[in-house]
Every structure is written in C-alpha cells, then in structure tokens.
Amino acid sequence: DTGASVTPIYTGDPDVPEGKFKPVLYTGNGGTSQDISCGFSPDLVWIKSRTNSTSHTLFDTMRGPGKYLSSNEMYGTIESPTDLTAFTPTGFSVGTNDTTNGGGREFTAWCWDAGGTTVINNDGTIESRVRSNGTFSIVTYEGNQGNGTLVGHGLINAPSLILAKSTVQEYDWAVYHITTGVNNNLTLNQSIEATGIPNFWGTAMTSTTFGIYDTVNSTNNTQGMIAYCWAESPTQSFGSYTGNGSVDGPVIDCGFEPAFVMIKCSTLSDTWWTVFDTARKAANSNNQQLYPNEAQEETVYDPRQIDITSTGFTIKGSDSFVNS
C-alpha cells in the first residue's frame, strides 16, 4: 500500500552525560547463572531469544530483578526469579531459565541507563515515582480513573515516546509517539494501526507531565502502572516517513548513526513492530529482524530491509512492515 505513513523510533548508542544505551549479544549456557556486560549499570533491560520462539522480557530497576513484562503479551508483571537475577555495576546477571539463558540459545539484550536514583515526583495531579537521566525515564504510578489526570515524567523536555503498561492486570500496552499525537494510541503487543481516541494522552505533552485518559485501564489503572519515557536528544530521535514500496526506499536522517531502530506502520493493521540493531548486524546490510509484538525468533531477510548509516538509515526492503 504505497504511500502509507510509517513511524520509526530510533535510538543511538550514546556515551554522553544524559545516559547510555547499548545492545548486547550473548549465548545461554542453560545450567548456571552468568553475568552479561553492557559497560554500565542498566535500569531497563529488554531481552529476546534470537533462535527460539519465546516471549520478549522487560526488566527494570523500579520493580527489581526477577520480575518482567512481555512486549508481546497483555499480562501484568510475571515473577520469575531464575530469569534476570540481578542488575550489576557493569550489566546484569541471568539465571537458569530458558527464556533468558537457555543452553546454546542466542540472545539480544537492549540496555538503557535511567540515572540510578528514584525520586517522588509531584508535577502531575497524582504522585509518581521517577528514575530519570533527563532524556529517558522510568515512571511508576497508580491511576485514578479521573478526567484530566496528569503524571510527572521527570524528563528535561516533553516525551516523544512513551510505552505504558499495567503492572498488575491483563491490559494492552499503550504507546504514545510524537508523530501520532495525543489523540491516537499505538499498541505494542498488537499489529493494529494507530487508534484514534480524543485526549487519550491528555490535551498536550509538556516538559513536566503527560496526560492519561479517564477510564482507560491501559494507562490509568488504579492497581499500578509503569511507563518508559524518552525525549528527543542529540543521540536519540523520533519521527516518521512515508513508505514507497520500493527497494529504493526513503532515506531517514536522524543526525547520528543509530544503534537501535524500531519501526511500526501507523496506518495499516497486520503490520508488525520491527527492530534492528547494530549488535546483530553492524552498519549496512541490516537484514536481521525481531518483532516486539511477536514471540517469533529472529528473521533474516535477503535482500536486506534497511541500511544503517553514519547519519541515520535507508529503507532497502519492500516488506510491508517497513515500507508500505
């Protein structure tokens, strides 16, 4: 469907004061725990088996080790003490569970630093707990099912991307993206297009708060919520492009070489979220895809789907997931 609007999310590999991101690879040993290094102490670790159809697992320091959410599931927090067992000064440790350390399985882990200190935030109309490095924050709060509810996010600028999930009950992931705006919602665990709901994310994103819709449990659940929030910075960028269905696809300039690229078509259903990173395939010929809304193992496309360049990335595939 040439001309459809597609929304990419791309994050660089910064080594700058506002924080760090790094994709890492490791092989499971299946028998004993092992330490994985990313070079810093991460606050969000997103792990996926590349070689097996197992769920994505997201661990964070706000909820602590041994507890994960899955990007491809509606479940609340799953307690699993033998998956990610500890956050360490240089990375994290995994236990004996196949999901994160299966013998001979290949894994990728996307690691973000959120600054390391949790504070109470009262910028909104309800209290939140925030861990933030200024451009990436992890926010926990309890919703109130009320109109006009605002949540403090702890970023230095208005968020460009929010992934929100009930930590207790089975509700969809809710996704705010700057290009689809506050009146639309994307769903991380589904392949559907952006859904239009007036004021789903409040009336506006601000430098201190984001809004949540009154009775929507995917953002305003009274039993507990978590939100991962990102703001634009010199090393992470958020935007959109229009696909052309051609192997000579759009050229996206984000001002740096991204280490992580996540793409979702915002106007078509049955198009999966798709992730590329430079740990699995450096620079050009990036043809290895993982799918946040699916447990499927890594797909290797030939020809390649994107080229990652020193200033952004170029769409090279005609697959509907990246170039409708």
Side-chain angles (χ1 to χ4, degrees), residues 11 13 15 19-73 75-114 116 138 163 165 167 188-189 226 228 259-262 273-283 285-301 308:
T11 304
D13 187 344
D15 188 10
K20 297 182 178 72
F21 164 80
K22 189 173 183 179
V24 296
L25 306 179
Y26 67 94
T27 302
N29 62 30
T32 61
S33 62
Q34 61 171 321
D35 295 334
I36 310 300
S37 176
C38 63
F40 57 90
S41 183
D43 291 292
L44 170 62
V45 177
W46 182 340
I47 300 174
K48 177 67 180 79
S49 171
R50 304 171 60 195
T51 50
N52 296 83
S53 293
T54 56
S55 286
H56 295 252
T57 53
L58 283 77
F59 303 86
D60 61 75
T61 52
M62 298 288 277
R63 290 174 300 131
K67 301 176 181 179
Y68 71 82
L69 293 164
S70 176
S71 64
N72 56 283
E73 301 283 1
Y75 304 132
T77 297
I78 302 295
E79 296 201 14
S80 181
T82 56
D83 274 302
L84 187 146
T85 58
F87 296 94
T88 71
T90 58
F92 58 95
S93 301
V94 289
T96 57
N97 198 315
D98 283 348
T99 307
T100 57
N101 197 23
R105 297 184 180 188
E106 300 296 324
F107 293 90
T108 186
W110 303 309
C111 307
W112 286 267
D113 170 30
I138 304 174
L163 309 180
K165 180 72 181 73
T167 57
L188 186 62
N189 55 292
I226 196 162
Y228 306 119
F260 174 96
V261 179
M262 183 158 70
W273 294 81
T274 305
V275 171
F276 306 89
D277 65 68
T278 54
R280 289 179 294 139
K281 194 71 172 181
S285 301
N286 213 286
N287 62 348
Q288 295 169 313
Q289 300 180 201
L290 287 169
Y291 310 101
N293 60 293
E294 293 288 334
Q296 180 173 312
E297 69 273 17
E298 183 178 85
T299 300
V300 179
Y301 271 85
I308 292 178

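The first residue in the sequence is number 1, and the count goes up from there.
- Of all heavy-atom pairs between T61 and P42, the closest is CG2-O, 3.6 Å.
- For the atom pair CZ (F260) and CZ (R280), the distance works out to 9.0 Å, reported to the nearest 0.5 Å.
- Aromatic ring orientation, W112 versus F21: tilted (interplanar angle from 30° to 60°).
- Between D98 atom CG and N52 atom CG the span is 8.0 Å, to the nearest 0.5 Å.
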Audit row: S53, E297, side chain to side chain donor-acceptor pair (under 3.5 Å) steps and yes/no: CA-CA 5 Å; S53 293; E297 69 273 17; 2.5 Å; yes
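- With a 4.5 Å cut-off on side-chain heavy atoms, I138 and Y228 count as touching.
- Taken from CZ in F92 to OG in S37, the straight-line distance is 9.0 Å, to the nearest 0.5 Å.
- Contact check for T32 versus Q34: no side-chain heavy atoms found under the 4.5 Å cut-off.
- Listed here is the closest heavy atom pair of G66 and F59: N-CD2, 4.4 Å.
- Contact detail for F40 and C111: the closest heavy-atom pair is CZ-O, 3.6 Å.
- Judged by distance alone, the side chain of S93 and the main-chain N or O of T85 form no donor-acceptor pair under 3.5 Å.
- When all heavy atoms of D43 and A114 are compared, the closest pair comes out as OD2-N, 2.7 Å.
- Looking at R105, its side chain never comes within 3.5 Å of a backbone N or O of S49 through a donor-acceptor pair.
- For the atom pair S55 OG and E294 CD, the distance stands at 10.0 Å (nearest 0.5 Å).
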Check against side chain to side chain contact (heavy atoms under 4.5 Å, CB included), N189 and E73: CA-CA 6 Å; N189 55 292; E73 301 283 1; over 6 Å; no
Worked check of side chain to side chain contact (heavy atoms under 4.5 Å, CB included) between Q288 and R50: CA-CA 9 Å; Q288 295 169 313; R50 304 171 60 195; 3.7 Å; yes
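- Between atom CH2 of residue W46 and atom CG of residue L163 there is a gap of 6.5 Å, rounded to the nearest 0.5 Å.
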Criterion side chain to side chain contact (heavy atoms under 4.5 Å, CB included) on D277 and T108, from CA distance to verdict: CA-CA 9 Å; D277 65 68; T108 186; 3.8 Å; yes
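- Residue T82 is tested with N101, T100, N97, T99 for a side chain to side chain contact (heavy atoms under 4.5 Å, CB included); the sole match is N97.
- S71 contributes atom OG, which lies 10.0 Å from atom CH2 of W273 (distance to the nearest 0.5 angstrom).
- The heavy-atom pair separating F107 from G102 by the smallest distance is CZ-N, 3.5 Å.
- Between F87 and D60, the shortest heavy-atom contact is CZ-C, 3.5 Å.
- T77 pairs in a side-chain hydrogen bond (donor to acceptor under 3.5 Å, both in side chains) with only one of the listed residues (K165, R63, K67), which is R63.
- Of the possible polar contacts, none joining the H56 side chain to the N293 backbone as a donor-acceptor pair under 3.5 Å is found.
- Using a 4.5 Å heavy-atom cutoff, the side chains of S70 and Y75 are not in contact.
- Between Y291 and the choices V275, T274, N72, the side chain to side chain contact (heavy atoms under 4.5 Å, CB included) rule is met once, by T274.
- Put simply, the side chain of T167 never gets that close to the backbone of I226: no donor and acceptor are under 3.5 Å apart.
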